[in-house]
Amino acid sequence: MIKIALFAIVGMMLTVIVGNMRREIGIWIAVITAVILLFYGMGKFEYILEMFHTLAEHTGIQQPYIGVVLKMIGIAYLSEFTVSLCKDAGQHAIALQVDFFGKMSMVLVSLPVLQTLLETIGEILT
């Protein structure tokens, strides 16, 4: 985590310094820094995936449900990442649309689970 923090601080400082002189270059430095940090974090995602599969095996949760949770986590992270970049670039209207689309995507991904839940409740009630 120390490497990440130091890299982020250096990237932020470069963004501020260069951004005061040339805003468009400062934005690109911020984007490149954020993308490098994103890919570094994605390398750690394999561990999280293993833990979810282990959790599914021990609890008896079916794999499709774990898949839905992982997709929702991915959508949430990616949309938040994109929203932050858009806001940093001063594009608040685009950021709001990305946020809305991210939320709609999570609802769409979760619909099969919701359908199964409602069917189960319906079977219990009848």
Side-chain angles (χ1 to χ4, degrees):
M1 182 62 203
I2 292 174
K3 289 180 189 178
I4 297 292
L6 289 175
F7 186 79
I9 290 169
V10 169
M12 183 253 335
M13 291 174 69
L14 283 172
T15 300
V16 170
I17 292 168
V18 174
N20 286 335
M21 293 181 269
R22 301 235 3 226
R23 178 155 169 75
E24 64 277 359
I25 295 175
I27 291 171
W28 278 109
I29 292 172
V31 169
I32 291 168
T33 301
V35 169
I36 289 170
L37 291 171
L38 172 70
F39 282 115
Y40 183 78
M42 292 301 288
K44 307 295 182 187
F45 190 69
E46 185 176 325
Y47 174 74
I48 295 170
L49 217 66
E50 288 176 21
M51 293 306 295
F52 267 100
H53 289 296
T54 302
L55 177 67
E57 289 173 7
H58 290 299
T59 60
I61 297 173
Q62 297 175 1
Q63 289 294 333
Y65 298 126
I66 296 295
V68 167
V69 170
L70 290 173
K71 285 179 187 177
M72 290 177 72
I73 291 170
I75 290 168
Y77 182 78
L78 186 59
S79 64
E80 183 62 32
F81 178 79
T82 306
V83 165
S84 295
L85 287 178
C86 290
K87 285 182 179 178
D88 285 348
Q91 301 300 319
H92 295 280
I94 295 172
L96 288 173
Q97 295 307 310
V98 170
D99 190 41
F100 173 76
F101 185 75
K103 290 173 183 174
M104 290 293 99
S105 296
M106 285 191 282
V107 169
L108 184 65
V109 167
S110 67
L111 281 178
V113 174
L114 181 61
Q115 180 182 3
T116 303
L117 177 65
L118 291 175
E119 288 172 357
T120 304
I121 291 171
E123 290 173 7
I124 291 172
L125 293 176
T126 56

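This structure is a prediction, so every number in the text was calculated from the model and none was measured. Hydrogens, waters and symmetry mates are skipped; everything else that's a heavy atom, side chains included, is used.
- The side-chain contact (heavy atoms from CB on, under 4.5 Å) test applied to I32 returns I36, not counting sequence neighbours.
- Y47 belongs to a hydrophobic cluster with M51, counting contacts under 4.5 Å between side-chain heavy atoms of Ile, Leu, Val, Met, Phe, Trp and Tyr, direct or through other members.
- Within the structure, salt bridge (charged side-chain N to carboxylate O under 4.0 Å, His left out) pairs that include any residue of residues 99-112 comprise D99-K103 (at least two apart or interchain).
- The cluster map of Ile, Leu, Val, Met, Phe, Trp and Tyr, joined by side-chain heavy atoms under 4.5 Å apart, puts F39 and F81 in the same cluster.
- Alongside V83, the hydrophobic cluster contains I94, V98 (criterion: ILVMFWY side chains under 4.5 Å).
- The side-chain heavy atoms of L38 and Y77, taken from C-beta on, include a pair separated by under 4.5 Å.
- With rounding to the nearest 0.5 Å, the separation of CG in L125 from CD in E123 is 10.5 Å.
- Sorted by first and then second residue, the side-chain hydrogen bond (donor to acceptor under 3.5 Å, both in side chains) pairs with a member in residues 110-121 read Q115-E119; sequence neighbours excluded.
- Transitive grouping of hydrophobic side chains (ILVMFWY, heavy atoms separated by less than 4.5 Å) brings L14 and I25 into a common cluster.
- Hydrophobic cluster of M104: the remaining members, joined at side-chain heavy-atom separations below 4.5 Å, are F100, listed by chain and number.
- Expressed to the nearest 0.5 Å, how far CD1 of I121 lies from CG of L117 amounts to 4.0 Å.
- Under the 4.5 Å side-chain heavy-atom criterion for Ile, Leu, Val, Met, Phe, Trp and Tyr, V113 and V109 are members of the same hydrophobic cluster.
- A30 is linked by a side-chain contact (heavy atoms from CB on, under 4.5 Å) to T15, counting only residues two or more places apart in sequence or in another chain.
- A pairwise comparison of heavy atoms in S79 and G102 identifies CB-CA, 4.0 Å as the closest pair.
- Within the structure, salt bridge (charged side-chain N to carboxylate O under 4.0 Å, His left out) contacts touching residues 18-34 (residues at least two apart or in different chains) are R22-E24.
- Rounded to the nearest 0.5 Å, atoms CG (L70) and CD1 (I75) are 11.0 Å apart.
- One finds the CG atom of L78 at 13.5 Å from the CD1 atom of I73 (value rounded to the nearest 0.5 Å).
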Name the atoms and distances for all side-chain donor-acceptor pairs under 3.5 Å in residues 3-13, with sequence neighbours left out.
none

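- Scanning for side-chain contact (heavy atoms from CB on, under 4.5 Å) contacts around F101 gives S105, with sequence neighbours left out.
- A salt bridge (charged side-chain N to carboxylate O under 4.0 Å, His left out) check over residues 65-94, counting only residues at least two apart or in different chains, returns nothing.
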